[in-house]
Colleague: 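Okay, here's the structure, questions in a sec.
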Amino acid sequence: MTIQNDLLLRKLAREQTSRPPIWFMRQAGRYLPDYQVLKAKYDFFTRVQTPELVAEITNMPVYQIGVDAAILFSDILVIPQGLGMEVQMVPGKGPVLPNPIASAADVDKLSLEACAEFLTYATPCIQATLDDLNGRVPLIGFCGSPWTLLCYMVEGSGSKNFAKAKAFCLNHPEASAKLLDVVTEACIAFLKQQVAAGVSVVQVFDSWGGILSPDHYAKWSLPYIARINAALKEEVFTILYAKDGWFALKDFAALNPSAIGLTWTMNREVAEAQCGSDMVFQGKLDPSILHSSPAEVKRETLALIKEFEGLHHIVNLGHGIHPNIPVDHVRAFVDTVKSYSF
Ligand code: CP3
């Protein structure tokens, strides 16, 4: 199907466009009142596994806010779930995995076959979403990075420093390498499934990449992201994002992904020096700015566009939108970009 608004795809192909494209991380759900209605009615994984609900939630920001791309409503933790771990979404606490991985024997129990079988639900969900989108904008698929998934699988929940996850990698080098390997294979298979179902772009979220030292990053995160990127980049646009992983920028660029996501703790100078002037950069408004006023959001958004003028740039936040942002502040962000012209 031809895509009517293909601004994001043209930018990822490094073409000149009349304005930057815009979408933002965690745009599906959270701050939208209509999402809260569905959240009150259906539990998290029902929302993720039901085609009509996925289509409605994924496309809500396209219809209501006017972003240039949709991102599939799902979660990075569906992979640990598919590999055989129990995952609960506890209101007010976030994800909980009640039986985290603690030994090599726990790693041996994970099953790639079970994962592929479990995740078959995603194909009709993607198809329903694409049917409803009817070619308006491209659909982005995603997965978590193997390191970020290991963090949750070993820690059993979110954490400030993921010390348990690091300790597992330090004390069980073979089991942790095997865990990262299995998760990498699961990510590749799931992203290929998403591409076969019709997504045009995939993003790898290394949300906890930035808590690693550069040396540990080179061991526990980068090689696995490299494998995922290499397995997908011939068939789909790939975006690599490591929150606060300034030290990963140069290595990401060497993998030649379609784009690299930036955090607000980085700037153009660093990004361009590490990745060169031909790379496509995505980001990086501080999500906290959306707590200010629409006028301030507009000013900051224009400053961001100016910062990256002359480079390939996709406007986005530097991390996910906070849940309690007023919708008119989000509109100020999106409308500022959409009314801009180079
Ligand atoms: O962009 C989108 O909105 C698409 C859907 C999406 C969700 N999670 C839905 C969700 C995406 C892309 C994710 C990715 C995700 N999930 C990441 C990587 C991005 C990032 O923010 O760093 C991570 C680390 C997770 C793990 C996770 N899932 C956490 C920490 C939480 C709880 C806190 C929260 O709200 O983010 C979740 C639950 C979750 N995943 C919710 C949503 C909309 C909130 C629960 C709900 O609405 O019922």
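We count ligands from 1, going down the list as the structure has it; atoms in each ligand are counted the same way. All values below were derived from every heavy atom in this structure, side-chain atoms included, with hydrogens, water molecules and symmetry-related copies excluded. No experiment lies behind these values; they were computed from the predicted model shown.
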Colleague: For atom 19 (C) of ligand 1, tell me which residue out of F205, Y241, Y35, F45 has the closest non-hydrogen atom.
Modeller: F205

Colleague: So is L72 in contact with ligand 1, going by heavy-atom distances below 4.0 Å?
Modeller: yes

Colleague: Hey, does R26 come in under 3.5 Å of ligand 1, counting only N/O atoms on both sides?
Modeller: yes

Colleague: How far is atom 14 (C) of ligand 1 from the closest protein heavy atom, and which atom is that?
Modeller: I76 CG2, 3.8 Å

Colleague: Under 4.0 Å between a Lys/Arg side-chain N and an Asp/Glu carboxylate O for D206 and K243?
Modeller: no

Colleague: Which residue and non-hydrogen atom of the protein lie closest to atom 18 (C) of ligand 1, and at what distance in Å?
Modeller: S207 OG, 3.2 Å

Colleague: With the threshold set at under 4.0 angstrom, would you say G29 reaches ligand 1 through any of its heavy atoms?
Modeller: no

Colleague: Would you say ligand 1 has an N or O under 3.5 Å from any N or O of W208?
Modeller: no

Colleague: Could you tell me the separation between the NZ atom of K298 and the CD1 atom of I289, rounded to the nearest 0.5 Å?
Modeller: 16.0 Å

Colleague: Heavy-atom distance to atom 35 (O) of ligand 1: which of M25, R30, K93, Q27 wins?
Modeller: R30

Colleague: Under a 4.0 Å threshold between the charged nitrogen and the carboxylate oxygen, would D108 count as salt-bridged to K178?
Modeller: yes

Colleague: Regarding ligand 1, does A28 bring an N or O atom to under 3.5 Å of one of the ligand's N or O atoms?
Modeller: yes

Colleague: S292: which residues meet the side chain to side chain donor-acceptor pair (under 3.5 Å) condition with it, sequence neighbours left out?
Modeller: none

Colleague: Any atoms of ligand 1 less than 4.0 Å from a non-hydrogen atom of F44? List them with their elements.
Modeller: 10 (C), 39 (C), 40 (N), 41 (C), 42 (C), 45 (C), 46 (C), 48 (O)

Colleague: How far is atom 12 (C) of ligand 1 from the closest protein heavy atom, and which atom is that?
Modeller: F142 CZ, 3.4 Å

Colleague: Out of all atoms in ligand 1, which are within 4.0 Å of some heavy atom of M89? Include the element for each.
Modeller: 28 (N), 37 (C), 38 (C)

Colleague: Of L285, V330, V315, which meets side chain to side chain contact (heavy atoms under 4.5 Å, CB included) against F24?
Modeller: V330

Colleague: Got a salt bridge between R19 and D68, using NZ or NE/NH1/NH2 to carboxylate O under 4.0 Å?
Modeller: yes

Colleague: With respect to atom 29 (C) of ligand 1, which of P91, P61, P287, P95 exhibits the smallest heavy-atom separation?
Modeller: P95

Colleague: Just going by heavy-atom distances, which of G320, S74, P323, A40 is nearest to atom 5 (C) of ligand 1?
Modeller: S74

Colleague: Using a 3.5 Å cut-off on N or O atoms only, is D75 in polar contact with ligand 1?
Modeller: yes

Colleague: Considering the heavy atoms of G94, write down every atom of ligand 1 situated less than 4.0 Å from one of them.
Modeller: 32 (C)

Colleague: Show the numbers, then the answer: is there a side-chain contact (heavy atoms from CB on, under 4.5 Å) between M85 and K109?
Modeller: CA-CA 9 Å; M85 298 185 74; K109 283 186 220 142; over 6 Å; no

Colleague: If you take all heavy atoms of P20 and F342, which pair is closest and at what distance?
Modeller: CD-CZ, 3.6 Å

Colleague: Just to confirm my output: which protein heavy-atom neighbour is closest to atom 48 (O) of ligand 1, and how far is it?
Modeller: R47 NH1, 2.8 Å

Colleague: So how far is it from Y35 OH to L53 CG, rounded to the nearest 0.5 Å?
Modeller: 10.0 Å

Colleague: Answer yes when R10 and D6 have at least one side-chain N-carboxylate O distance shorter than 4.0 Å, and no when they do not.
Modeller: yes

Colleague: Looking at F73, which atoms of ligand 1 are within less than 4.0 Å of one of its heavy atoms?
Modeller: 9 (C), 43 (C)

Colleague: Would you say H319 contacts ligand 1, with heavy atoms under 4.0 Å as the rule?
Modeller: yes

Colleague: So does E307 pair up with K284, basic N to acidic O under 4.0 Å?
Modeller: yes

Colleague: Taking side chain to side chain contact (heavy atoms under 4.5 Å, CB included) as the criterion, tell me which of S145, P146, P257 meets it with I228.
Modeller: P146

